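Model, not experiment: these values are computed from the prediction.
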Amino acid sequence: MLTFDDGYRDHLRHVVPELRRRGLTGVFFPPVCAVAERNLLDVNKLHFILASGVDPVTLLAHVEAMASDHVCDFDRDGMRRDHWKPNRFDDVDTSYLKLLLQTLLPAAARAAIVDALFLAHVSADPRGFADELYLDQSDLGLMLDMGMHVGGHGAQHLRLSWLPAAEQQQEAQQSADFLRSLGVMDADLSFCYPFGDHDEASRTAVKATGFKLAFTTVPTPYRPGVDDCLAIPRLDTNDIAFD
């Protein structure tokens, strides 16, 4: 099974034709805020900031200075001591920068810093950028007509385990309602946790909303009959060795 997250236009332009040429079906997980509301995801803002060519060391110093302005008790040395390490995809500078702007800093500070950096290094028109980057509802309808599967990826692309149970339920419900508005049948409802992040309340929410399957980012092969169908692992393409 091949899965594709976040609802990019490239999925229709490039992925779907290749899947159809091979007689395959893909599973696509768009967040409602991106494809229906045309809001640029913070995670994508950060991707394009990092791809803009700005020196990562300079960028990190700028982010830490901005963090000190936004967070009165920001502990640069403590943050570096506890989190200065690479991950399985990124070098140490990039990994630490992503942690700061996706996890470690308070939400309001993260959003303000990412917005300022995006405007400075990428584009002064986030809405227009989103229109170019993401699929829209007519695109998703076309993909469904082509035999592709469209699943849920939350309403606002939030880390669900950070939310109270009621807000997790709302995220799942809005995602399910959006899929039903596209014509996805209840029997075909599937979900992909944003960032792979979930807890017991997340699994309860997606099950109560009618989702039959839910995918994580745990990088192990799926074991039918063994793994929880509401916590299915997935391998990233970067985890697979190609000749």
Side-chain angles (χ1 to χ4, degrees), residues 1-16 18-20 24-47 89 102 130 133-161 163 168-199 202-203 205-207 209-220 222 227-240:
M1 178 184 295
L2 297 173
T3 63
F4 305 87
D5 296 358
D6 296 343
Y8 302 124
R9 282 197 186 275
D10 279 353
H11 293 163
L12 179 57
R13 289 172 180 155
H14 304 296
V15 175
V16 170
E18 289 299 322
L19 291 174
R20 297 186 76 200
L24 300 174
T25 298
V27 185
F28 297 85
F29 295 109
V32 179
C33 64
V35 297
E37 301 166 9
R38 317 313 284 165
N39 292 331
L40 191 59
L41 303 180
D42 282 350
V43 66
N44 289 145
K45 291 177 186 175
L46 182 53
H47 289 161
F89 298 138
Q102 293 180 344
L133 184 62
Y134 299 123
L135 299 160
D136 59 27
Q137 286 153 285
S138 63
D139 294 326
L140 293 169
L142 179 60
M143 292 164 67
L144 286 166
D145 289 342
M146 291 178 176
M148 300 297 127
H149 179 88
V150 177
H153 201 33
Q156 301 298 322
H157 199 262
L158 302 173
R159 293 178 183 272
L160 293 184
S161 73
L163 302 178
Q168 294 199 42
Q169 182 68 39
Q170 185 177 39
E171 281 287 307
Q173 186 65 59
Q174 290 177 6
S175 189
D177 290 345
F178 175 71
L179 293 175
R180 292 178 177 121
S181 76
L182 295 174
V184 176
M185 304 299 291
D186 280 11
D188 295 328
L189 288 177
S190 66
F191 193 85
C192 175
Y193 301 108
F195 304 98
D197 182 76
H198 66 288
D199 58 12
S202 314
R203 295 188 290 276
V206 297
K207 183 177 182 179
T209 310
F211 289 102
K212 306 302 186 290
L213 305 171
F215 295 82
T216 71
T217 55
V218 176
T220 58
Y222 174 57
D227 290 320
D228 184 348
C229 65
L230 296 177
I232 298 173
R234 294 188 298 169
L235 292 172
D236 191 282
T237 51
N238 290 302
D239 294 315
I240 302 171

Judged by atom type as modelled, is there a donor-acceptor pair below 3.5 Å linking the side chain of Gln174 to the main-chain atoms of Ala155?
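Such a contact is absent between Gln174 side chain and Ala155 backbone.
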Under 3.5 Å: donor-acceptor pair, side chain of Ser175, backbone of Ala172:
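Side chain of Ser175 to backbone of Ala172, a donor-acceptor pair under 3.5 Å: no, none is there.
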Can you find a pair of side-chain heavy atoms, one from [X] and one from [Y], that are under 4.5 Å apart?
{"X": "Asp6", "Y": "His11", "value": "no"}
{"X": "Asp239", "Y": "Phe89", "value": "yes"}
{"X": "Asp136", "Y": "Arg38", "value": "yes"}
{"X": "Met148", "Y": "Leu142", "value": "no"}
{"X": "Asp236", "Y": "Pro219", "value": "no"}
{"X": "Val150", "Y": "Pro30", "value": "yes"}
{"X": "Thr220", "Y": "Leu235", "value": "no"}
{"X": "Glu37", "Y": "Val32", "value": "yes"}

Nearest non-hydrogen partners of [X] and [Y], listed with the distance:
{"X": "Leu40", "Y": "Ala130", "result": "N-CB, 4.1 Å"}
{"X": "Thr216", "Y": "His198", "result": "CG2-CE1, 3.3 Å"}
{"X": "Lys212", "Y": "Cys229", "result": "O-SG, 3.8 Å"}
{"X": "Leu179", "Y": "Leu189", "result": "CD1-CD2, 3.8 Å"}
{"X": "Val206", "Y": "Ala214", "result": "CG2-CB, 4.3 Å"}

Verdict with supporting geometry, Arg180 and Val184, side chain to side chain contact (heavy atoms under 4.5 Å, CB included):
CA-CA 5 Å; Arg180 292 178 177 121; Val184 176; 6.0 Å; no
Taking atom types as modelled, is there a side-chain donor on [X] or [Y] under 3.5 Å from an acceptor on the other?
{"X": "Asp10", "Y": "Tyr8", "answer": "no"}
{"X": "Tyr134", "Y": "Asn44", "answer": "yes"}
{"X": "Asp188", "Y": "His149", "answer": "no"}

Before you tell me yes or no, could you show the steps for Gln102 and Asp42 under side chain to side chain contact (heavy atoms under 4.5 Å, CB included), namely the whole-Å CA-CA distance, both residues' side-chain angles and the distance that decides it to 0.1 Å?
CA-CA 8 Å; Gln102 293 180 344; Asp42 282 350; over 6 Å; no
Nearest 0.5 Å, please: how far is [atom2] in [Y] from [atom1] in [X]?
{"X": "Gln169", "Y": "Glu171", "atom1": "CD", "atom2": "CD", "answer": "11.0 Å"}
{"X": "Ser202", "Y": "Leu163", "atom1": "OG", "atom2": "CG", "answer": "8.0 Å"}
{"X": "His47", "Y": "Leu133", "atom1": "NE2", "atom2": "CG", "answer": "10.5 Å"}
{"X": "Asp139", "Y": "Gln137", "atom1": "CG", "atom2": "CD", "answer": "10.0 Å"}
{"X": "Phe4", "Y": "Leu135", "atom1": "CZ", "atom2": "CG", "answer": "12.0 Å"}
{"X": "Leu213", "Y": "Cys192", "atom1": "CG", "atom2": "SG", "answer": "11.5 Å"}

Please list, chain by chain and in numerical order, all residues satisfying side-chain hydrogen bond (donor to acceptor under 3.5 Å, both in side chains) with Glu18, sequence neighbours excluded.
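Applying side-chain hydrogen bond (donor to acceptor under 3.5 Å, both in side chains) to Glu18 gives Arg21, Arg22.
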Among all residues two or more places apart in sequence or in another chain, which pass the side-chain hydrogen bond (donor to acceptor under 3.5 Å, both in side chains) test with Thr3?
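Thr3: side-chain hydrogen bond (donor to acceptor under 3.5 Å, both in side chains) contacts with Arg234.
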Show your reasoning for whether ring pair (Phe, Tyr, Trp, His ring centres under 6.0 Å) applies to Phe195 and His157.
CA-CA 8 Å; Phe195 304 98; His157 199 262; 4.8 Å; yes
Which residues share a ring-ring contact (aromatic ring centres under 6.0 Å, His included) with Phe211, sequence neighbours left out
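In terms of ring-ring contact (aromatic ring centres under 6.0 Å, His included), with neighbours along the sequence ignored, Phe211 is linked to Phe191.
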As a test of understanding, state which of Tyr193, Phe28, Phe29 forms a ring-ring contact (aromatic ring centres under 6.0 Å, His included) with Phe215.
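Single ring-ring contact (aromatic ring centres under 6.0 Å, His included) partner of Phe215 among Tyr193, Phe28, Phe29: Phe29.
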Determine whether more than 12 heavy atoms belonging to other residues, nucleotides or ligands lie under 6.0 Å from atom CE of Met146.
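Above 12, so yes.
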